[in-house]
**Student:** 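Next up is a structure, given as structure tokens.
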Amino acid sequence: MEQKTAFEIQELTSDEYVLSMGPQHPATHGVLRILLRMDGEVVVNLQPDPGYIHSSIEKICENRKYDQVMPYTDRMDYLSAVSYNLAYALAVEKLMGLEVPNRGRHIRVILAEMNRIMSHLLWFAAYGIDMGALTPIWYAFRERENLITLIEMQTGNRLTHHALRIGGVKNDLPTGFVEGLNKFLENFNDMVDEYEALFIDNVIFKARTKSIGVLKKENAISYGVTGPNLRASGCDIDLRKLAPYSGYENFSFEVCSEKNGDSWDRCKIRMNEMRQSASILRQAIDTLPEGEISAKAPKIIKPTPGGCYAKVEGPRGEVGAYVVSAGTDKPYRVKFRSPSFSNLSALNEMCAGVKIADLVAIMGSLDIVIPEIDR
Amino acid sequence: MENGEEMELIRELLYNSGEPLSEFYRWLHKAWAGFSVPPVFLDLMIQFAVAAAVFGFVAVNALWIIYYERKFSAKLQIRIGPNRVGPLGLLQTVADTVKLLIKEDINPSKVDRVVFILAPGIVFLGTFLTMLVIPFGNGLIAADLSIGILYILAVSGLAVIGLLAGGWASNNKYSLMGGMRSAAQIVAYEIPVLVVILGIVMLAGTMKMGGIVEAQAGYRWFVIYQPIAFLIFLIAANAEINRAPFDLPEAESELVSGFITEYSGMKFAFFFLAEYTNLFIVSAVAVTLFLGGWEGPFFPPFVWFIIKTYAVVTVLMWMRWTFPRIRVDHLMQFSWKYLLPIALVNLLVTAIVIKFI
Amino acid sequence: MFKYAADIIKGVLSLCEGLGVTLKHFFRKPFTLRYPDVRPEIPLRFRGRLVLPVDPDKGAHRCTACMMCVKACPNRSIEIEKETGEDGKPKPRAAKYYYNLGTCIFCNMCVESCPFAAIVMSDEYELAVYDRETLMQELTAENLRLDGAKGAWWKSKFREETAAGKGEASNG
């Protein structure tokens, strides 16, 4: 289907009408607006209209010192703040040639994987609401609360952690953290099984997601879709395996992938990824090395002039940070690549001729975060 | 002894309310004859009193059932539920109702005003009228019509008009979609319900609500003879009252709030009242048709009827808080491809068995 | 016909599985807190409102108006006025410590930059106010005494520091 602009979408045939979904709509997960061209209950065409919470973070970063940029990166993807922290930190460290100590890298992996589980749990909860099941959210939030409490112990904040610093992490793991995480991981897999029994394997849910919103492999690649959404289309690309960073090469885990690229596959992948993340966490706790947590970074960070791109595998896909230094204490330009933006752009491809209920199901299965799209 | 007589009277009232009530009615008429006013007025007054009693029951019951649902869902969702207003949060729904009643009554500028205001009334009227033929106990029924069950089917159809009118008058695309969905849904699910009830009527040999219960006396409840019919009735009736997993007309995540998107305050309260009363009615009808109505040991009939009804209500709530919402075309398919054929086969088998045994 | 029946049975089974999960949770204990009555346990590192506590050893706050926090703050939420002595020259001591709660992003950078452990992020998390003026806070006027676990933690930082003679406080 060819992409139509918001203006063209207004030229309707006599059977059609335009439905403005959002910016205040329960299913758009924030302030996203989608213009729908509808024929009865069937979506003919759609046009996402992002930008309602544009917060100008990239521009703000140009006026902040290198270390002051870090708390702002938390606020793009507030569901997994560490992935943006990590991308930015890796980029600056590469520019400066800093080597992060082993223990620091380990703690980064632990925090990143905890964030991944937290984000996927929140996706599960919100997807339940999207599909009209009001109970999954409580069960998912129970597990998420455990993780958040642990992260709060470690970093001091619940969502916008500001956990990483250039050169390492801020804090060493507090006492009781490892025990708490072990206790959480003990029955986490059972909980995931429970979620599947309650929701993912439900016959109504399957009927609503199987072979709905199919994204073909070629389309997924050409739209720049990444993360679980790409892996659901039969393309097992995971940056943690493909271009390991922060010591991911030391952990053994599987890259989950499915073939059909429909909504159900995307769900299944996220459920499996939670299990894989739990396994990475177990390994990380068992092999936690001793030593420094942070490299000795200079007080005033002034990287040599040049640019550097670093990418990490966030819960939603490839999170990238491109940092250009002009040799001053402030970055000349910081550009973030947000996976949700690319994932959202493929929405039109998946929604040709689906019902409005399916549109909600597809959009939920893409797991988009609006502040990340608008930045 | 006088005390013994009183006890006898109370027992009679509790267990066989029909006789004492009609006695009381005759006594009233006799007393009325003393005045020189036509007895029509007395009948009118009695009818008003009965209607007021039913309305009072509807309101109080809805308050309680909403509280119950909130507590029950909280338990399923490992949380506490309302616990602030009154002991155990018992007055929470009362507080919410008061809030709704004193809220500004908003009529959006582009609505079809008359229809917009009428719609909640129509929806509530359908519900209220159904309530009149629910047999709460032996003789404890506002009007035991000889076509009771047919009357329920007919009157509950009124609600569709209200929902559709509300959706149309709101002048909102989401509302209109909700109204259309509800019309399609209720029409589709009325038919399996009808077919299933037909089987029961064949078994009972009467359409009178009291008669159906009496036909099940001696614990020969129809759920034993018609288990599949019972399931179909529960599912289809659940769909008819627009509750999850069949809450498509409201479908929060798709249609914002469907036909009630533009409603607030008192009008919203009426929709809400109707919704929860419908839940009670559906359960009450299920109890009357399948679970032996007011019959049961030890307790008076009224108590048994309420216990059974709330058991069915609980099952419906349990379903609501577990399942995801069904999609609109699957909903139609489910009715026409699964429920209706099975209900028809069930009816056929019932008819053959009744004929030859 | 066979597939029709199998579909129904499979569907009903999956629904029953879901009902079983919710039923299991029906008998579990609630995991929510009755919030205003029961309060969550706040970890030591929690970053709440910025405070300038009174050092019990000195009987006054520890700020020397070195402006490190002002420079470290990413969005200029802190302003300090120095005390002026009788000779009219500024003294190394904060007379006024303005903290804008409205723009603070609770990143902890000011606390990390403070060489004297003068400021700390407290346990306070109910920070909503009724008007914007209240968001601009003057911290020296509060004369806040930091007690409890957080206070002990804070005091250990500079007491240890004076004992060991370290140049930089280790905040965390």
Side-chain angles (χ1 to χ4, degrees), chain B residues 68-89 92 192 227-228 230-232 234-236 238-239 244-246 311-327 330-331 333-346, chain C residues 1-49 101-102 106 121-132 134-135 147-150:
Chain B
Y68 177 61
E69 167 138 54
R70 292 171 79 172
K71 270 292 191 204
F72 182 77
S73 65
K75 205 81 187 85
L76 286 183
Q77 297 172 343
I78 46 173
R79 57 195 174 88
I80 302 163
N83 60 61
R84 293 284 141 181
V85 192
L88 292 171
Q92 182 68 52
I228 296 170
F230 179 59
L231 277 180
I232 292 173
L234 267 192
I235 294 168
N238 201 10
F246 306 101
V312 178
V313 165
T314 309
V315 170
L316 291 182
M317 283 179 182
W318 186 16
M319 271 156 67
R320 170 179 183 177
W321 293 102
T322 304
F323 299 144
R325 188 182 304 119
I326 223 165
R327 205 174 78 196
H330 292 159
L331 181 92
Q333 276 177 20
F334 185 59
S335 174
W336 299 117
K337 278 164 86 175
Y338 293 91
L339 289 186
L340 188 60
I342 296 173
L344 280 173
V345 169
N346 187 56
Chain C
M1 189 64 211
F2 179 72
K3 198 180 162 288
Y4 183 81
D7 274 359
I8 294 177
I9 291 167
K10 250 201 290 192
V12 169
L13 278 182
S14 86
L15 294 179
C16 289
E17 213 180 343
L19 287 174
V21 172
T22 40
L23 186 67
K24 224 178 351 177
H25 281 84
F26 185 83
F27 298 107
R28 286 189 188 160
K29 259 176 50 188
F31 83 115
T32 47
L33 291 178
R34 294 173 183 236
Y35 163 58
D37 302 341
V38 185
R39 280 168 185 272
E41 212 176 290
I42 303 295
L44 215 50
R45 288 172 182 170
F46 184 76
R47 310 204 294 263
R49 187 176 72 94
L101 185 58
F106 304 98
M121 294 201 119
S122 69
D123 283 351
E124 295 163 46
Y125 51 87
E126 287 163 327
L127 301 174
V129 291
Y130 280 101
D131 56 311
R132 285 189 173 207
T134 328
L135 289 172
D147 298 317
K150 192 100 183 186

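The sequence lines fix the lettering, A, B, ..., with proteins before strands; numbering per chain opens at 1.
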**Student:** Taking atom CG of C:L33 as the centre, does the number of heavy atoms from other residues, nucleotides or ligands within less than 6.0 Å exceed 12?
**Tutor:** yes

**Student:** Is it the case that atom CD in C:E126 sees more than 12 heavy atoms from other parts of the structure closer than 6.0 Å?
**Tutor:** yes

**Student:** Examine whether an atom of C:L15 lies under 4.5 Å from a heavy atom of chain B, and if so say whether it belongs to the side chain, the backbone or both; otherwise answer neither.
**Tutor:** both

**Student:** Considering only heavy atoms, which portion of B:P341 lies under 4.5 Å from any heavy atom of chain C: side chain, backbone, both, or neither?
**Tutor:** side chain

**Student:** In terms of heavy-atom proximity below 4.5 Å to chain B, should C:K29 be classed as side chain, backbone, both, or neither?
**Tutor:** backbone

**Student:** Can you tell me how the ring of C:F46 sits relative to the ring of C:Y125, calling it parallel under 30°, perpendicular over 60° and tilted otherwise?
**Tutor:** perpendicular

**Student:** Considering only heavy atoms, which portion of B:Y338 lies under 4.5 Å from any heavy atom of chain C: side chain, backbone, both, or neither?
**Tutor:** both

**Student:** Using the test side-chain hydrogen bond (donor to acceptor under 3.5 Å, both in side chains), find all partners of C:S14 that sit at least two apart in sequence or belong to another chain.
**Tutor:** none

